[in-house]
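Here is the structure we will look at.
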Amino acid sequence: MSVRVQTGDFDVGAEIARLRQANPRIGAVASFVGVVRDLNEGRSVAVMELECYPGMTERSIEKIVAEAKSRWDIFDALVVHRIGTLRPADQIVLVVVTSAHRGDAFAACEFLMDYLKTRAPFWKKEHLPEGTRWVDARSSDDAAAARWGS
Amino acid sequence: MSVRVQTGDFDVGAEIARLRQANPRIGAVASFVGVVRDLNEGRSVAVMELECYPGMTERSIEKIVAEAKSRWDIFDALVVHRIGTLRPADQIVLVVVTSAHRGDAFAACEFLMDYLKTRAPFWKKEHLPEGTRWVDARSSDDAAAARWGS
Amino acid sequence: MKVKLLYFARLREVFQRSGEDVILPEAVADVSALLAWLRARGGTWSAELAPGRAFRVAVDQEMADPRTALHEDAEVAIFPPVTGG
Amino acid sequence: MKVKLLYFARLREVFQRSGEDVILPEAVADVSALLAWLRARGGTWSAELAPGRAFRVAVDQEMADPRTALHEDAEVAIFPPVTGG
């Protein structure tokens, strides 16, 4: 398991290669990259800032990964989440899950993303043309997390 | 849309970057890499050969991608599938789907993989210690495709 | 009627050919009749293409069924069930 | 009892501090009492931490509820609902 919260960017190909390394039983690698869009709820976004709770954020993600491992037959999972100032088209988050079979890899990857978007301690501030605003929690993300029945 | 069937390997990071290029509305990139395992149904696999039906294979995948685009709100999809001689840990298949939101990206990516594993014209031959064998169609993959109700 | 036949995977190996151009008698106008015509070759042809054996047929790169019609220069492929990547 | 308070995101900005070390009266032994103690500061404190406002509390980096007990050197964080990445 590997969880990192960092200001710097990440290299998807290199991260996948590292997670796959030296496990010949891996048959499936599901991954997800979240990207800053230039629009959010119809508003033009130039810059956003992501804040975390250092320590608790990492610990909460590690617990989520452990839960994914208990729910699905997966080998390993990687979560890299950026904080700090991000601009449209910047990568925000990477989740990679390895498994013998694709079903478990996809399910665990989507489960981790749903939790990251709804439960992990991150707060987002958007810089809009008329000023900055802290983003409110979104009910559609709560619904996505609720699917997993926790 | 981009569909390629090729003998050479692919670079996951470069393919994702190319698909994301110049679309600032992308918020979600779901991807899947299929890898040759050293075991299949408990048997040790040294080498496998993948055969396609040149022309029909590409066309059938293009139709599947078009169907995914009609079912989910996605921007684009890339499918790269290798043929020829492959060894354990080699990459076999890459599917990348871009969307504004993660739910559509995940669903379309998994849908495409299920079809690739069950409907697309590929045939697999395994080299086992005691000789070669053509792999039989697997009922578990049929069940995965059946979920999509086609 | 002239059609191009293609064989893939295990059937390519068993029939010892990847394809052939054949001239069909006038009565052979659909997939069902083509399969009967091929079975009449005997040997592996009648064994592999016997009713109940698992194989698929595509005409012009579209999946076909026994009633699918053939036409001049059709591309008819016969192959085992696909096994994916 | 000495505890470390941390504030994140909008609450960090409104309270104009990212954290503080406070000495609590003996009667302030759980999260509910701590919130009442902070509200007594008045101004933005009573406004932002009023019952019904959307904020969360963690004690020692675990999500807490009003009855969660405090202890010497506890790390208590108060923050808005998370908004993800």
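Throughout, protein chains are lettered first and strands after them, A, B, ... in sequence-line order, and every chain is numbered starting at 1.
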Examine distances only and state if a side-chain atom of A:Ser2 and a backbone atom of A:Leu78 form a donor-acceptor pair shorter than 3.5 Å. no
Which pairs count as side chain to side chain donor-acceptor pair (under 3.5 Å) when at least one residue sits in residues 14-24 of chain B, sequence neighbours excluded? B:Arg4-B:Glu15, B:Glu15-B:Arg18
By a 4.5 Å heavy-atom criterion (distance strictly below it), what part of B:Ala100 contacts chain A: side chain, backbone, both, or neither? both
Do you know the tightest heavy-atom contact between B:Met48 and B:Ile92? CE-CD1, 4.4 Å
Heavy atoms only, distances under 4.5 angstrom: which of A:Gly103, A:Ala28, A:Ser31 has the most pairs with chain B? Name it, please. A:Ser31
So for B:Pro24, is it side chain, backbone, both, or neither that comes closer than 4.5 Å to the heavy atoms of chain A? both
Does A:Asp90 reach the main-chain N or O of A:Arg87 with its side chain, forming a donor-acceptor pair under 3.5 Å? yes
